[in-house]
Amino acid sequence: MASLDKKNERRRFWRNLFIQIILILLVYFAVQAWQTRDAPRGPAPPIQGLLLDGRPVNLADYRGEPLLLHFWASWCAICRFEQDSIDAIAEDYPVLSVASQSGDAGAVQAYVAEHGLTAPVLVDEDGELGRMYAVRGFPSSYVIDAQGRIFDVEVGYSSEWGLRARLLLAGY
């Protein structure tokens with residue numbers, strides 16, 4: 001009789017664990033859907049400007065390969081935590097990072113130098129680019145496919161491997 005009770009107890013444990021995992025995933029996906037509800041879909045809104053190093057940048061220049069468009073802010077703790085992953089991805093994929101609401105070019109340049117960031121940075125001092133992309137929180141990552149369409153939107157922390165997987169899928 002005791003072994004039957006242990007079996008039932010184990011079944012209950014695994015069933016409850018499974019239900020909790022499903023609930024956590026449902027909440028996660030519901031929050032993501034809510035945070036990205038106004039994000040543009042289809043063709044990516046145009047972006048052009050000067051990178052911190054003075055080079056001109058145009059989103060259309062990235063056509064032909066997937067691109068990670070990454071919005072971040074210097075005051076965002078999660079952005080700082082994620083930045084090494086973004087720099088690592090930039091070694092293998094095109095990345096355009098946008099420093100939004102983080103001060104003028106001088107302030108962003110000082111931040112980039114202090115933290116040793118290597119991905120190309122476009123300064124969005126007044127948040128205009130962020131508004132075009134309906135950025136609701138930082139960091140926000142947009143994976144744009146080779147045809148210039150928004151493939152995926154993620155708000156909040158994203159793992160390096162998760163972003164790499166999305167970029168890989170956007171390339172097909």
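In this chain, residues are counted from 1 in sequence order. Just the heavy atoms: all of them, side chains too, but no hydrogens, waters or symmetry mates, feed the values below.
- At distances below 3.5 Å, at least one donor-acceptor pair connects side-chain atoms of R63 with backbone N or O atoms of Q147.
- Counting heavy atoms from C-beta on, the side chains of Q83 and R80 never come closer than 4.5 Å.
- D61 meets the side chain to side chain donor-acceptor pair (under 3.5 Å) test with no other residue; sequence neighbours excluded.
- In this structure, Y93 has no ring-ring contact (aromatic ring centres under 6.0 Å, His included) partners at least two apart in sequence or on a different chain.
- Pairs engaging residues 97-118 under the salt bridge (charged side-chain N to carboxylate O under 4.0 Å, His left out) rule: none recorded [sequence neighbours left out].
- W161 and L68 fall into different hydrophobic clusters, where Ile, Leu, Val, Met, Phe, Trp and Tyr are joined by side-chain heavy atoms under 4.5 Å apart, directly or via other members.
- Applying the side chain to side chain donor-acceptor pair (under 3.5 Å) rule to T118 yields the partners D87; only residues at least two apart in sequence or on another chain are considered.
- Annotation for V95 and A90: closest pair CG2-CA, 3.6 Å, computed over non-hydrogen atoms.
- Looking at every heavy atom in both residues, P94 comes nearest to P66 through CD-O, 3.4 Å.
- Partners of S141 by side chain to side chain donor-acceptor pair (under 3.5 Å), not counting sequence neighbours, listed by chain and number: H70.
- Under the side chain to side chain donor-acceptor pair (under 3.5 Å) criterion, the residue pairs touching residues 121-131 are S100-D124, with sequence neighbours excluded.
- In this structure, W72 shares a hydrophobic cluster with L52, V108, Y111, V112, L117, V121, V123, the cluster being traced through Ile, Leu, Val, Met, Phe, Trp and Tyr side chains under 4.5 angstrom apart.
- Residue pairs meeting the salt bridge (charged side-chain N to carboxylate O under 4.0 Å, His left out) criterion with at least one partner in residues 147-170, sequence neighbours excluded, are D92-R164, D145-R149, D152-R166, E154-R166, E160-R164.
- Contact detail for G156 and E82: the closest heavy-atom pair is O-OE2, 4.0 Å.
- Hydrophobic cluster membership for I78: F81, Y157 (Ile, Leu, Val, Met, Phe, Trp, Tyr linked by side-chain heavy atoms under 4.5 Å, directly or transitively).
- In this structure, M132 belongs to a hydrophobic cluster whose other members, linked by side-chain heavy atoms under 4.5 Å apart, are I47, L51, V57, L59, Y62, L67, L69, F71, W75, L96, V98, L122, L129, Y133, V135, F138, Y142, I144, I150, V153.
- The two atoms that bring S102 and A73 nearest to each other are OG-CA, 3.2 Å, heavy atoms only.
- Here side chain to side chain donor-acceptor pair (under 3.5 Å) pairs that include residues 13-26, with residues two or more places apart or in two chains, number zero.
- When the side chain to side chain donor-acceptor pair (under 3.5 Å) test is applied to R55, the partners found at least two apart in sequence or on another chain are D53.
- Put simply, the side chain of S159 does not reach to within 4.5 Å of the side chain of S85, judged on heavy atoms.
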